[in-house]
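Each chain gets a letter, A, B and so on, in the order its sequence line appears, and its residues count up from 1. Only this structure's heavy atoms are used, side chains among them; waters, hydrogens and symmetry mates stay out.
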Amino acid sequence: MHIPNKTQRMDYNHQEIEKKWQKYWSENKTFHVEIDHKKPKYYVLDMFPYPSGAGLHVGHPLGYIASDIYSRYKKHLGFNVLHPMGYDAYGLPAEQYAIQTGTHPAVTTEKNIKRYREQMDRIGFSYDWDRQVQTCDPDYYKWTQWTFIQLFKSWYNKKTDKAEGIDKLIELFGEEGNGNLEAACSQEEVFSADEWKQMNEKQQQEVLMNYRLAYLSNTMVNWCPALGTVLANDEVKDGFSERGGHPVERKLMKQWSLRISAYAQRLLDGLEKIDWFESLKEVQRNWIGRSEGASVEFNLEGFDDVIVVFTTRPDTLWGATFMVLAPEHELVEKITSEDRKSKIGKYVNWAKNRSERDRISEVNKITGEFTGAYGINPVNGKKIPIWVADYVLSGYGTGAIMAVPAHDSRDFKFARHFNIPIVQVVKKEGEEESDPQTWDDSYDAKEGVMINSGFITGMNVEEGIKATIKWLEENELGEGRINYRLRDAIFSRQRYWGEPFPIYYKDGMPYPLDESELPLRLPDVDKYLPTESGEPPLARAKDWKTKEGYPLETNTMPGFAGSSGYYLRYMDPKNQNEYFSKEANEYWRNVDLYLGGDEHGTGHLIYARFWNMFLYDLGRVCEEEPFKKLINQGKIQGRSSFVYRLNYEKYAEHLIWEAIKDKKLGVEFVRDFKDGHRQFDFYSREAGLILEIKSQKNLEKLAHYYKPYAREKNVRFLFIPLYDIKENVDHVVNRIKEAIKADDLEINFEHEIKKINPVFVSKDVKELIQFTTPIHVDINLVENDILNIEAFKKWRPEFADAEFIMKDDKYVCGWEVEKMSKSKHNVQNPDELIEKYGADTFRLYEMFLGPLETHKPWDTQGIEGVYRFIRKLWRLYFDKDNNLNISEDQPTKDELKVLHKTIQKVRNDIERFSFNTVVSAFMICVNELTDLKCNKRDILEPLLVLLSPYAPHTAEELWSKLGHRPSIAIIAFPDYKEEYIKENTFEYPVSFNGKLRFKLELPLDISKEDAEKAVLQAEGAQKWLAGKQPKKIIFVPKRIINVVV
RNA sequence: GCCCGGAUGGUGGAAUUGGUAGACACGUUGGACUUAAAAUCCAAUGGCCAGCAAUGGCCGUGCGGGUUCAAGUCCCGCUCCGGGUACCA
């Protein structure tokens, strides 16, 4: 019978405490926040989670815990902290599930959100849940649609370097046409005011479309037939969809795009103003991909057309020996000579239909065709051939290049492959010109001296570039130009579960809905699939048209639409009249600290900055950059456990071989004997005997098969069932002995079929591990790398009769760090841990694991240490009968020193987001206070405030036990006092020639001379001086003393 | 290929500006308490060598060089691992 006794009673009851305080915070709205002009604001934001069906695993809350600690800390410092949470609720998984089951994605999403919320609530976050937003809520997406309309009604004026209303552009067109305009656009034709006025409405709309920041155009897209949708570049991985892994092909389609390229330079410049990791800024810089160079016009022989190329190296023009057009280039067909038409046609067709995947896997394959046409090199009038090749991309620059094989590795390879001349135009300083025919690779010289280059010969590269651009501009053959890699963002998805576009079509042209009609609600459909004619799911909706009967847009917006401006809506989430009020925006301004994963570096973090800059141009937001400081939290990886399943056939062969090798049975055997395509386990020529080890099932088949072979070759077979070896190896060896002696042995097979139970070998049984296959085992069945055998047998029916080979009665599992995933059985779910150890322990442990930003493996074992710490802390406040035991006495010097040392460390480390070392500091503090047997109120009270951001439930509970009301969350963070920490002496490490030899305690204010004297007189010094005079003594106050002998 | 990040005990990690390498914790081993277990507490714990012992010595932060009185930290050259990106003219 189980008799509970006193010592078994729970002293620290986390389950009760945590429930109590979570309820308290929620009922008292402790973390509800409103604009308060008396307090400074601080905005802490976590990246919007997509609520997946699997719920949270221990990796997800890492960033949330860190941001929660920081938020609570800032609140203790007196800031008015905005710390909201919401959901990026549109997403493919819910839609995919809808397609499969017919469940409306809203239902699935709602369910998942509920689960997320429950899990988050149990961790004790200080979110202001009154501000929660979710992207699929019409009250929210109304403003996503609203922003889209503003984008549609805007164009980018390069002269003012900002977005302006399209009305102003229409006015300008009426006054002076587009000749004087500097705009970010896709308009090529120049027209006058009169020409503009003569256009009909449709024509005018078509022109305007080339200027709008949200525009419709034919775009080469990543079309995924299996999903029936277009994917963004970052949703495609190696030619397959990132979600689902379906093949993706290139296709020309009419799509909405956002003219984000207009903001390329501002997005680049803005990086200088924000406090992000340099590496992340670098990722964005690369993505924006600014390159400076020149556009150069090449005339064509026999045509009036001009081919414009972009080059970063105009100085190498004299080395341009051919040109290359992208297969999609508009002039390809026109300039191809008659005799080459079929070849070029074939090539272009092949290249266009090549999937992204083929291109990637065949990067090094050089392909191309000569068009038969020639361009004229503008600097020297030389005729150079024009080729078509798919290494030139239609989407970058002008889709045409001048090729300088001597100084560009791709051009070099191409020229070599097709035997095109190579001319050197740059040489290294101090080196001589050499014959490019002898080169192995191009000389991609960013520095050097120009040669063979007309009037720039002798200049260095930098001067050459400048001089060439100047010459091109003077002769109207080109101009200096800056190019960006950043492409406009495709904004259409052929999907159901997304924001509908607030757009209708009249005469085939798109028009925005009136703002009063927003939100345009997502309609119901009978199926979540494209229509038979290939239209998006919204085409299935009944009456999908305006009041006037105009058809509405059937595409929906992509995932990043809703997440690009959510941080703004949090400022004023319930506002029915506008996105957010001016007052709210001017108070909260932008996000002070943004926490999230680094996978958003080129997606969300660029789109959101663009979105914000646009609203800034409109005058709606007061800060140009949305996220002042950003930290990427590292991923928590899984720690997989393995059991080792014995490959019995391998092992049995090994056992038999050990018994028969080296003539142990009197005759020579060979292993893995081959005869033609046949292979046998063991063969003895002497005995004319073949041994085969097999499972019963296979033996039956083989017996039949080998009979003719045995007769033909005059050999005998002995078939050995695995089961027999497992039962008794000696018996089997005896049978082999008999078989060797016997002269006439029929193919021997007569066994009832017996099942062999799976056998698992403990990792420390080293001699057997080589015969095993590792299998992932559920980490919940393993504790401290020791397998729970009973639980393992129940885990899967096929393991019910498993047998184990162990040492010391323990089954030791192996482990490896891998991605956390269901299939690897290494997913750790926070709920179980919180149940067992409590949210405070969980929070502390997630932080204790290591630096926030590094990737680190999850190891449940270590959580015990943090749990012990919390209970040890608890015991500072209570006696062994769990009665509060607090002394009102004055603290001692030592106690004050421990406290203030901790305050200093905790404050310091949190400011540099070093949460793991803060937890260590708490442990050291509690260890030291325990050693001092300290129970003084003046020490233990401030300690709780320090701890409260990290372990808020425990801190609240103890705070209230100490007699305080209400919440500890608003108590001022303690300051440390230098006087308590200050020491009078320091124990100097004394080294000789850099090697630590002994320690010496000296007063802090000692002079250099006195210190030197003290060292030389010190007890240990003589030994190391060995009678010699020291050459030099280095004395670094409060650090070290080093004697050089 | 290019760009970025990293490598410290059996494990996670600490060492903030070059100044006592391995804090704190896990694990392991031994001990105390207990009928027993759990919990708790105490001690040891980078490697090698010498010694009965206290103790002492040598080596040691991926590898090879360098700068310095002093290097995990700075410089040069590599190796390996992780991530991003991909014909960007």
Side-chain angles (χ1 to χ4, degrees), chain A residues 7-8 11 234 238 277-280 282-283 285-287 289-291 293 309-313 316 324 359-360 362-366 389-393 395-404 408-411 413-414 483-487 598-599 601-602 634-635 637 639 784-785 815 817 845 848-851 853-866 868-869 871-872 875 880 905 908-909 911-912 914 916-917 919-924 927 930 987-999 1023 1030-1036 1038-1045:
Chain A
T7 52
Q8 248 183 346
D11 43 355
D234 41 313
D238 301 339
F277 280 122
E278 203 46 46
S279 59
L280 181 61
E282 203 54 39
V283 166
R285 282 188 199 112
N286 291 340
W287 196 256
R290 177 192 155 108
S291 46
V309 305
F310 172 74
T311 175
T312 54
R313 293 296 301 277
T316 61
V324 186
R359 284 185 164 213
I360 285 161
E362 293 166 25
V363 163
N364 291 318
K365 202 172 158 192
I366 297 161
D390 71 348
Y391 83 89
V392 173
L393 307 174
Y396 184 76
T398 60
I401 63 157
M402 63 175 212
V404 184
D408 178 282
S409 62
R410 288 152 312 170
D411 296 347
K413 282 190 191 116
F414 195 84
N483 224 348
Y484 300 92
R485 200 182 78 124
L486 185 70
R487 309 222 204 129
D598 53 11
E599 66 273 24
T602 53
K635 280 201 185 59
Q637 295 149 313
R639 185 183 188 276
N784 201 10
D785 290 339
W815 61 272
V817 172
Y845 185 56
F848 186 63
L849 224 41
E853 65 277 12
T854 58
H855 300 254
K856 49 209 167 270
W858 177 263
D859 178 10
T860 299
Q861 202 57 37
I863 200 170
E864 291 281 351
V866 177
R868 277 174 208 154
F869 154 75
R871 281 177 301 164
K872 197 166 175 180
R875 285 198 304 272
K880 54 184 185 303
K905 173 92 178 144
N908 237 324
D909 287 3
E911 286 297 341
R912 54 187 186 103
S914 173
N916 55 329
T917 51
V919 180
S920 302
F922 284 137
M923 288 174 171
I924 293 167
N927 288 347
T930 303
E987 195 182 33
Y988 279 93
V990 180
S991 37
F992 286 77
N993 292 335
K995 279 190 176 152
L996 177 74
R997 295 306 179 187
F998 60 87
K999 290 178 186 172
K1023 183 174 168 192
K1031 243 193 233 161
K1032 198 174 167 191
I1033 297 176
I1034 286 111
F1035 173 71
V1036 186
K1038 242 198 138 175
R1039 288 264 186 226
I1040 202 168
I1041 298 167
N1042 190 17
V1043 183
V1044 186
V1045 186

Is there a Watson-Crick or G-U wobble partner for [N] with both distances under 3.5 Å, and which nucleotide is it?
N: B/A15; answer: none
N: B/A71; answer: none
N: B/G1; answer: B/U85
N: B/C63; answer: B/G77
N: B/U28; answer: B/A44

Suppose you measure atom [atom1] in [N] against the same atom in [M]; what distance do you get, rounded to whole Å?
N: B/U61; M: B/U8; atom1: C1'; result: 4 Å
N: B/A21; M: B/C76; atom1: C1'; result: 24 Å
N: B/C58; M: B/A44; atom1: C1'; result: 22 Å
N: B/C63; M: B/U11; atom1: P; result: 15 Å
N: B/U73; M: B/A37; atom1: P; result: 49 Å
N: B/G12; M: B/G51; atom1: C1'; result: 36 Å
N: B/G6; M: B/C78; atom1: C1'; result: 16 Å
N: B/U17; M: B/U28; atom1: C1'; result: 38 Å

So what does A/I924 touch, heavy atoms closer than 4.0 Å: a base, only the sugar-phosphate, or nothing?
sugar-phosphate
Give one of base, sugar-phosphate or nothing for A/R875, where a contact means two heavy atoms less than 4.0 Å apart.
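Sugar-phosphate only.
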Between [options], which nucleotide gets closest to the side-chain atoms of [X]?
X: A/K905; options: B/A89, B/A14, B/U16; value: B/U16
X: A/P851; options: B/G13, B/C88, B/U11; value: B/G13
X: A/N927; options: B/A89, B/C24, B/U11; value: B/C24
X: A/N286; options: B/C3, B/A89, B/C24; value: B/C3
X: A/R485; options: B/A14, B/U85, B/A89; value: B/U85
X: A/L393; options: B/C87, B/C41, B/A23; value: B/C87

Interatomic distance, [X] [atom1] vs [N] [atom2] [rounded to whole Å]:
X: A/E987; N: B/G19; atom1: CD; atom2: P; result: 18 Å
X: A/E853; N: B/G13; atom1: CD; atom2: P; result: 11 Å
X: A/Q637; N: B/U11; atom1: CD; atom2: P; result: 16 Å
X: A/K635; N: B/G5; atom1: NZ; atom2: C1'; result: 13 Å
X: A/F869; N: B/G12; atom1: CZ; atom2: P; result: 23 Å
X: A/I1034; N: B/G18; atom1: CD1; atom2: P; result: 16 Å
X: A/Y845; N: B/G13; atom1: OH; atom2: P; result: 10 Å
X: A/W287; N: B/C88; atom1: CH2; atom2: C1'; result: 12 Å

Mind listing the closest non-hydrogen atom pair of [X] and [Y] along with its distance?
X: A/S291; Y: A/Y396; answer: OG-OH, 2.9 Å
X: A/V1036; Y: A/Y988; answer: O-CE2, 3.6 Å
X: A/V1043; Y: A/V990; answer: CG2-CG1, 4.5 Å

Per nearest nucleotide of RNA chain B, the residue lying toward the 5' end, A/T917 or A/R290, is A/T917
If we count only N and O atoms by modelled type, under 3.5 Å, do the side chains of A/N927 and A/K872 hold a donor and an acceptor together?
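Judged by distance alone, the side chains do pair up.
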At less than 4.0 Å, is any side-chain N or O atom of [X] found next to OP1 or OP2 of [N]? Yes or no.
X: A/R285; N: B/C3; answer: no
X: A/N1042; N: B/U20; answer: no
X: A/S914; N: B/U16; answer: no
X: A/Q861; N: B/G27; answer: yes
X: A/R868; N: B/A39; answer: no

If the glycosidic angle is within 90 degrees of 0 it's syn, otherwise anti, so just tell me which one B/G77 is.
anti
So, does the side chain of A/R997 form a donor-acceptor pair with the base of B/U20 at under 3.5 Å?
no
